[in-house]
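Encoded as structure tokens, the structure appears first; notes follow it.
Everything quoted here is computed from the prediction, not taken from an experiment. Throughout, a chain's letter reflects where its sequence line sits, starting with A, and its residues are numbered from 1.
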There are 2 protein chains.
Amino acid sequence: MTDTEWLRLNRQICFSLHAASRAFNSVYRLILKDLGLTYPQYLVMLVLWEHGDLPVKKLGEQLRLDSGTLSPLVKRLEGAGLVRRERSAQDERSVRVHLTEEGTALRERALEVPPRIMSATGLDLAEVVDLHARLERLTTALDAAAEAEARAAG
Amino acid sequence: MTDTEWLRLNRQICFSLHAASRAFNSVYRLILKDLGLTYPQYLVMLVLWEHGDLPVKKLGEQLRLDSGTLSPLVKRLEGAGLVRRERSAQDERSVRVHLTEEGTALRERALEVPPRIMSATGLDLAEVVDLHARLERLTTALDAAAEAEARAAG
DNA sequence: GCCCATTTAGTTGTGTGCAACTCAGTTGTG
DNA sequence: CACAACTGAGTTGCACACAACTAAATGGGC
């Protein structure tokens with residue numbers, strides 16, 4: 001393969017993931033507009049609906065986001081009346097994110113989102129599950145590579 | 001499937017694409033640090049190395065980015081001395097982005113990026129090409145769905 | 001008990017990504 | 001020619017994402 005072909009292939013591959021992610025985001029933006037949520041805010045709500053109240057730290061682990069992203073995001077959710085933040089009594093460093101009544105109630109309306117998203121992908125359940133598995137493996141490999149790079153650089 | 005399972009699966013799928021995209025970004029950030037480029041800036045440079053000078057409009061079509069993103073990004077590339085912007089004489093609305101000598105020279109150093117990225121994915125060429133095809137189809141379907149949503153809403 | 005490394009949130013600054021807007025230049029129509 | 005519609009860049013405002021930092025609280029070693 002020539003240099004030109006390598007660069008071209010590289011662009012296609014890496015761009016396709018970037019583009020797919022943004023396309024997903026666009027569809028979510030449209031579907032979530034009614035709920036008044038952005039896509040990352042919706043992810044936070046999904047985690048809370050699934051696990052119940054969590055400290056910011058645990059939210060970050062679930063979503064691979066640090067406090068620099070989560071702090072203002074959760075503040076916006078609090079501003080919207082969907083969650084409440086409370087310092088833990090046991091550990092004053094920790095802030096627990098609680099669902100409000102309104103936040104809990106929003107789950108009912110959010111149930112219509114998954115089928116609409118599934119339909120938008122044009123994929124059937126098996127294909128989606130397969131893609132999910134591939135992307136998980138890819139992410140794991142990329143994380144390991146980033147770790148190796150960071151070690152090599154540091 | 002129960003509501004809970006649906007929401008959970010939905011979170012996993014959509015999150016996996018988001019996470020993979022961010023993991024890719026992290027690896028690029030480390031590898032591109034030496035070149036002084038961000039990942040989107042690198043994508044712009046790849047397009048310019050491949051197609052030669054282009055108006056901002058065409059760059060946007062290649063990368064699916066609008067002027068709101070591209071204008072400041074190209075300005076930063078200009079600030080770094082990699083490109084030059086020139087108003088078209090034929091159509092005064094159009095701004096053509098030219099590679100500078102420095103921008104052209106950077107391509108040589110950028111040739112080491114694709115093999116490092118390939119290695120970071122932990123995938124072989126066939127798997128990467130297959131993933132690319134799946135993601136392209138997914139993006140096409142999502143774009144069509146977004147179009148349909150927008151029509152329904154508007 | 002005291003000091004220090006660690007942990008948890010939060011803040012600041014930079015760079016996208018996108019909607020909504022402005023402005024200048026171009027084109028189609030009567 | 002005049003005028004309205006359109007087009008290409010750019011600007012503004014908002015919301016992530018992340019690096020680098022600060023501040024407060026905790027826990028371990030002495």
Side-chain angles (χ1 to χ4, degrees), chain A residues 15 18-30 32-33 36-44 54-61 63-80 83 85-97 143 146 150 153-154, chain B residues 15 18-30 32-33 36-44 54-61 63-80 83 85-97 143 146 150 153-154:
Chain A
F15 177 64
H18 191 62
S21 178
R22 284 193 290 139
F24 237 116
N25 217 309
S26 292
V27 172
Y28 265 113
R29 188 174 304 115
L30 287 163
L32 292 175
K33 202 162 55 182
L37 294 174
T38 66
Y39 175 44
Q41 288 167 9
Y42 173 70
L43 286 175
V44 168
L54 284 176
V56 173
K57 172 74 174 176
K58 293 286 180 189
L59 266 179
E61 286 170 8
L63 300 172
R64 298 158 148 278
L65 291 172
D66 67 4
S67 65
T69 301
L70 274 180
S71 287
L73 193 159
V74 171
K75 268 191 179 175
R76 281 188 282 272
L77 288 178
E78 191 173 36
V83 305
R85 288 182 304 160
E86 280 175 19
R87 286 263 161 210
S88 162
Q90 293 79 32
D91 186 341
E92 292 273 339
R93 291 171 303 182
S94 178
V95 169
R96 217 174 171 77
V97 183
D143 283 345
Chain B
F15 177 64
H18 192 61
S21 178
R22 285 194 287 139
F24 237 115
N25 217 309
S26 292
V27 172
Y28 265 113
R29 189 174 303 115
L30 287 163
L32 292 176
K33 201 162 55 183
L37 294 174
T38 66
Y39 173 46
Q41 289 166 10
Y42 173 69
L43 286 176
V44 168
L54 284 177
V56 173
K57 172 75 175 175
K58 293 286 181 190
L59 266 179
E61 285 170 10
L63 300 172
R64 297 158 149 279
L65 290 172
D66 67 4
S67 66
T69 301
L70 273 179
S71 288
L73 193 159
V74 171
K75 268 192 180 175
R76 281 188 281 272
L77 288 178
E78 190 173 38
V83 306
R85 288 181 305 159
E86 279 174 22
R87 286 264 160 211
S88 162
Q90 292 80 31
D91 186 341
E92 292 272 338
R93 292 170 305 180
S94 178
V95 169
R96 216 173 171 77
V97 182
D143 283 346

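- Going from atom CG of L63(A) over to atom P of dA17(D) covers 9 Å, rounded to whole Å.
- Among the protein residues, K75(A) comes within range of the sugar-phosphate backbone only, with heavy atoms under 4.0 Å from sugar or phosphate atoms but none that close to a base.
- When DNA chain C is scanned 5' to 3' for any atom under 4.0 Å from a heavy atom of chain B, the first and last hits are dG15(C) to dT26(C).
- Side-chain atoms of D143(B) and R64(B), non-hydrogen and from C-beta on, do get closer than 4.5 Å to each other.
- The ring-ring contact (aromatic ring centres under 6.0 Å, His included) test applied to Y39(B) returns H18(A), Y28(B), not counting sequence neighbours.
- For dG30(C), the paired nucleotide is dC1(D), the pair qualifying as Watson-Crick or G-U wobble because both relevant distances are below 3.5 Å.
- Listed by chain and residue number, E78(A) satisfy the salt bridge (charged side-chain N to carboxylate O under 4.0 Å, His left out) test with R85(A) (two or more places apart in sequence, or in another chain).
- Side-chain contact between L77(B) and L37(B) is present, with at least one heavy-atom pair separated by less than 4.5 Å.
- Distances shorter than 4.0 Å separate none of the side-chain N or O atoms of R29(B) from OP1 or OP2 on dC18(D).
- Nucleotides of DNA chain C nearest to R22(A) and G68(A) differ in position, and the one nearer the 5' end is that of G68(A).
- In this view, R22(A) satisfies the salt bridge (charged side-chain N to carboxylate O under 4.0 Å, His left out) rule with no residue, not counting sequence neighbours.
- Qualifying side chain to side chain contact (heavy atoms under 4.5 Å, CB included) partners for R29(A), counting only residues two or more places apart in sequence or in other chains: N25(A), S26(A).
- As judged by a 4.0 angstrom heavy-atom cut-off over every strand, E61(B) is placed among residues making no nucleic acid contact.
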What donor-acceptor contacts under 3.5 angstrom involve side-chain atoms of residues 66-75 of chain A, with partners at least two apart or in another chain?
{"unit_1": "D66(A)", "atom_1": "OD1", "unit_2": "G68(A)", "atom_2": "N", "d": "3.2"}
{"unit_1": "D66(A)", "atom_1": "OD1", "unit_2": "T69(A)", "atom_2": "N", "d": "3.2"}
{"unit_1": "S71(A)", "atom_1": "OG", "unit_2": "S67(A)", "atom_2": "O", "d": "3.1"}

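- Judged as a salt bridge (charged side-chain N to carboxylate O under 4.0 Å, His left out), and not counting sequence neighbours, E92(A) has no contacts.
- Taking atom CG of L43(A) as the reference point, atom C1' of dA17(D) lies 13 Å away to the nearest angstrom.
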Between the protein and nucleotides 7-9 of chain D, which nitrogen or oxygen pairs come in under 3.5 angstrom?
{"unit_1": "dT7(D)", "atom_1": "O4'", "unit_2": "R93(B)", "atom_2": "NH1", "d": "3.4"}
{"unit_1": "dT7(D)", "atom_1": "O2", "unit_2": "R93(B)", "atom_2": "NH1", "d": "3.1"}
{"unit_1": "dG8(D)", "atom_1": "OP2", "unit_2": "K57(B)", "atom_2": "NZ", "d": "3.1"}
{"unit_1": "dA9(D)", "atom_1": "OP1", "unit_2": "V56(B)", "atom_2": "N", "d": "3.2"}
{"unit_1": "dA9(D)", "atom_1": "OP1", "unit_2": "K57(B)", "atom_2": "N", "d": "3.3"}
{"unit_1": "dA9(D)", "atom_1": "OP1", "unit_2": "S94(B)", "atom_2": "OG", "d": "3.3"}
{"unit_1": "dA9(D)", "atom_1": "OP1", "unit_2": "V95(B)", "atom_2": "N", "d": "3.3"}
{"unit_1": "dA9(D)", "atom_1": "OP2", "unit_2": "K57(B)", "atom_2": "N", "d": "2.7"}

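- Mapping N25(A) and L70(B) onto DNA chain D via the closest heavy atom, the residue that lands nearer the 5' end is L70(B).
- Separating the CD atom in Q41(B) from the CG atom in L32(B) is a distance of 9.0 Å, to the nearest 0.5 Å.
- For R87(A), there are no salt bridge (charged side-chain N to carboxylate O under 4.0 Å, His left out) partners at least two apart in sequence or on another chain.
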Show the distances under 3.5 angstrom between N or O atoms of the protein and N or O atoms of nucleotides 14-16 of chain D.
{"unit_1": "dC16(D)", "atom_1": "OP1", "unit_2": "T38(A)", "atom_2": "OG1", "d": "2.7"}
{"unit_1": "dC16(D)", "atom_1": "OP2", "unit_2": "Q41(A)", "atom_2": "NE2", "d": "2.8"}
{"unit_1": "dC16(D)", "atom_1": "OP2", "unit_2": "R76(A)", "atom_2": "NE", "d": "2.9"}
{"unit_1": "dC16(D)", "atom_1": "OP2", "unit_2": "R76(A)", "atom_2": "NH2", "d": "3.2"}
{"unit_1": "dC16(D)", "atom_1": "O5'", "unit_2": "R76(A)", "atom_2": "NH2", "d": "3.2"}

